[in-house]
Each structure stands twice: as C-alpha cells, then as structure tokens.
Amino acid sequence: MSEFRHETERLVLRDWREEDWPEFWRVTNTPAVMRWLGGVLDAQGREASSTRMLGYRSDFGHTFWPVERREDGAILGFCGLKRCTDANGPFGMVEIGWRLREDAWGRGYAREAASATLELAFESFGADEVIALTVWKNESSWGLMRRLGMAHRPDLDFGQTHWSGTERETIVHSITKEQWENL
C-alpha cells in the first residue's frame with residue numbers, strides 16, 4: 001500500500017508514524033477532548049485505539065489520519081475515514097471522524113480537515129455516502145456536521161456504544177456524493 005499524504009492550505013493528513021502516538025495522546029487524551037468519547041483512556045485503551053486505527057488503514061485503505069499543522073508540524077489530532085464498526089449502528093457505512101486538541105478548537109482546522117476528508121471519500125475512495133456519529137449533547141460536533149452539508153438521519157440513530165453512554169444518545173448525520181457535489 002502506498003504512503004498516504006494529503007495537504008490543505010494549513011494542514012497535512014498523512015499516515016501514522018510511530019513517533020506520532022505519544023504526542024497525539026498527550027494533546028488529545030484530556031478530559032475536555034474526551035468528554036463525549038467515553039473519557040480519558042488508560043494505557044490499555046490508548047493501545048487498543050491505536051491498533052484499531054492502524055487496522056482500518058490495512059483493512060480499508062483509509063483511517064483516521066493524524067492532522068499535522070503545516071507551518072510547524074504540530075500534531076493537532078486526527079481526521080479521516082473508517083467503516084462504522086458499531087454493531088448497534090449503521091455497520092459498514094463509510095464514517096468520517098475527527099478529534100482535535102483543545103488549543104486547535106475554534107480556528108477552522110476541523111472544518112478544513114473534514115472538508116478535505118469528504119472530498120477524498122468521494123473522489124479517491126469511491127464512497128457514495130458518508131456518515132458521522134456523535135451524541136446530542138456534543139453540539140460542536142454536530143454543528144460542524146451541518147456546516148459541512150451533512151443532515152441528521154434519525155433513521156440511522158442508535159443506542160448506547162462504548163463511548164456514548166446512555167441509550168438512544170448516538171445521532172447520525174450523512175451526506176451523499178451528489179449532495180457534496182452540489183454544495
């Protein structure tokens with residue numbers, strides 16, 4: 001599999017390097033960042049998550065890629081694609097996800113990375129539709145989904161996951177290739 005690298009105006013999405021993980025976990029495994037994602041992970045949880053992300057790359061050709069700021073090479077978090085693996089949810093659908101460090105919030109990095117990722121999903125990875133998951137209380141996340149042109153899909157909402165907490169809390173937004181092209 002060839003090396004993945006995609007650049008935007010301010011960011012680089014690329015394959016993971018072993019040296020990325022300590023910094024990624026240092027800046028994203030915080031109470032504020034992990035508030036809606038099941039809480040801060042212990043060493044076992046971090047290892048399992050890293051292994052899953054690397055597995056998505058080998059299984060599907062894409063993953064949640066590290067987001068690197070071009071100007072200084074800082075790891076800001078991740079953004080990318082995977083297949084929905086939650087047995088309660090829309091299993092197998094192409095899913096976009098992002099997680100950025102607190103000091104990157106409110107600067108347009110998530111939207112820039114997510115827009116590039118949606119373009120990649122449709123143009124490079126052959127997706128016909130892309131979904132995104134969050135919980136109702138995470139207004140920042142579903143707000144970005146809507147700014148990206150995604151619409152809430154109540155028919156795909158589902159109950160408890162390892163990260164969402166209570167029943168019927170996970171909501172799904174989606175966008176089709178046609179909708180993306182018409183934005």
Side-chain angles (χ1 to χ4, degrees), residues 4 6 8 11 13 16 24 28-29 32-39 41 49 52-53 55-57 59-67 76-102 104-183:
F4 174 82
H6 182 82
T8 68
L11 306 171
L13 305 174
W16 288 95
F24 170 76
T28 67
N29 194 34
V33 173
M34 298 299 289
R35 177 179 182 192
W36 307 113
L37 300 169
L41 297 174
S49 181
R52 275 193 309 276
M53 282 191 270
Y56 301 145
R57 171 77 162 105
D59 292 345
F60 308 119
H62 48 69
T63 188
F64 290 161
W65 302 291
V67 174
L76 301 179
F78 71 55
C79 185
L81 302 167
K82 70 176 193 74
R83 295 286 178 159
C84 181
T85 55
D86 195 305
N88 296 329
F91 190 86
M93 292 183 77
V94 177
E95 175 187 342
I96 186 173
W98 52 81
R99 178 188 313 168
L100 297 183
R101 59 197 270 174
E102 284 177 80
W105 295 353
R107 298 173 183 238
Y109 292 130
R111 186 172 186 168
E112 186 174 332
S115 291
T117 298
L118 285 171
E119 184 175 328
L120 288 163
F122 296 125
E123 301 304 321
S124 298
F125 294 108
D128 293 322
E129 181 177 16
V130 176
I131 60 167
L133 312 176
T134 193
V135 294
W136 267 118
K137 293 180 182 177
N138 190 352
E139 188 174 338
S140 295
S141 188
W142 60 255
L144 175 56
M145 293 171 194
R146 290 180 179 177
R147 288 190 301 280
L148 291 166
M150 301 180 96
H152 181 214
R153 290 281 308 273
D155 60 309
L156 297 177
D157 289 352
F158 61 100
Q160 185 173 352
T161 70
H162 68 279
W163 52 268
S164 70
T166 60
E167 283 296 317
R168 300 297 304 156
E169 196 173 352
T170 304
I171 61 169
V172 180
H173 283 66
S174 77
I175 188 167
T176 65
K177 181 177 183 177
E178 182 180 353
Q179 290 167 329
W180 175 256
E181 290 171 344
N182 289 322
L183 287 178

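- Using bins of under 30°, 30° to 60° and over 60° for the plane-to-plane angle, the ring pair His62/Trp65 lands in the perpendicular bin.
- Counting non-hydrogen atoms of neighbouring residues, nucleotides and ligands closer than 6.0 angstrom, the CD atom of Glu102 exceeds 12 such neighbours.
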Practice task
List the steps and the verdict of side-chain contact (heavy atoms from CB on, under 4.5 Å) for Phe125 and Val130.
Solution key: CA-CA 11 Å; Phe125 294 108; Val130 176; over 6 Å; no
Exercise for the section: Begin from the C-alpha positions of Ile175 and Leu183 and carry the test side-chain contact (heavy atoms from CB on, under 4.5 Å) through to its verdict. Expected result: CA-CA 11 Å; Ile175 188 167; Leu183 287 178; 4.0 Å; yes
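- Around atom CG of Asp59, more than 12 heavy atoms belonging to other residues, nucleotides or ligands sit under 6.0 Å away.
- Checked against side chain to side chain donor-acceptor pair (under 3.5 Å), Gln179 has the following partners two or more places apart in sequence or in another chain: Thr176.
- The heavy-atom pair separating Ala114 from Ile96 by the smallest distance is O-CD1, 3.6 Å.
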Distance-only donor-acceptor pairs under 3.5 Å for side chains of residues 141-151, two or more places apart:
residue: Trp142; atom: NE1; partner: Trp136; partner atom: O; Å: 2.8
residue: Arg146; atom: NE; partner: His173; partner atom: NE2; Å: 3.2
residue: Arg147; atom: NH1; partner: Gly143; partner atom: O; Å: 3.2

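- The OG1 atom of Thr170 sits 7.0 Å away from the CG atom of Leu133 when rounded to the nearest 0.5 Å.
- Summarising the geometry, atom NZ belonging to Lys137 is positioned 5.5 Å from atom CD belonging to Glu169; distances are rounded to the nearest 0.5 Å.
- Scanning both residues, Asp155 and Arg153, for their nearest heavy atoms gives OD2-NH2, 2.7 Å.
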Practice task
Before giving the answer on side-chain contact (heavy atoms from CB on, under 4.5 Å), spell out for Trp105 and Val33 the whole-Å C-alpha distance, their side-chain angles and the decisive distance to 0.1 Å.
Solution key: CA-CA 10 Å; Trp105 295 353; Val33 173; 3.8 Å; yes
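- Nearest heavy-atom pair, Glu95 versus Cys84, reported as atom, atom and distance to 0.1 Å: OE1-CA, 3.4 Å.
- Annotation for Glu181: atom CD counts as buried by contact number, over 12 foreign heavy atoms lying within 6.0 Å.
- Across Gly77 and Thr28, no two heavy atoms sit closer than the pair CA-CG2, 3.9 Å.
- At a threshold of 4.5 Å between non-hydrogen side-chain atoms, the residues Phe4 and Arg57 count as touching.
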Practice task
Verify side-chain contact (heavy atoms from CB on, under 4.5 Å) between Leu120 and His6, making sure each step is shown before the conclusion.
Solution key: CA-CA 9 Å; Leu120 288 163; His6 182 82; 3.8 Å; yes
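- Atom-to-atom distance recorded for Phe91:CZ and Asp86:CG is 9.0 Å, nearest 0.5 angstrom.
- Counting only heavy atoms from C-beta outward, the side chains of Met53 and Phe78 approach each other to under 4.5 Å.
- Ala116 approaches Leu13 most closely through the heavy-atom pair CB-CD1, 4.3 Å.
- With rounding to the nearest 0.5 Å, the separation of CG in Leu37 from CG in Asn138 is 7.5 Å.
- Within the 3.5 Å criterion, the main-chain N or O of Gly159 finds no donor-acceptor partner in the side chain of Asn88.
- For His152, the side chain to side chain donor-acceptor pair (under 3.5 Å) partners two or more places apart in sequence, or in a different chain, are Asp157.
- Within the 4.5 Å cutoff, the side chain of Tyr109 has no heavy atoms near those of the Val67 side chain.
- Two residues are said to be in side-chain contact when any heavy atoms from C-beta on lie closer than 4.5 Å; Phe60 and Leu81 fail this criterion.
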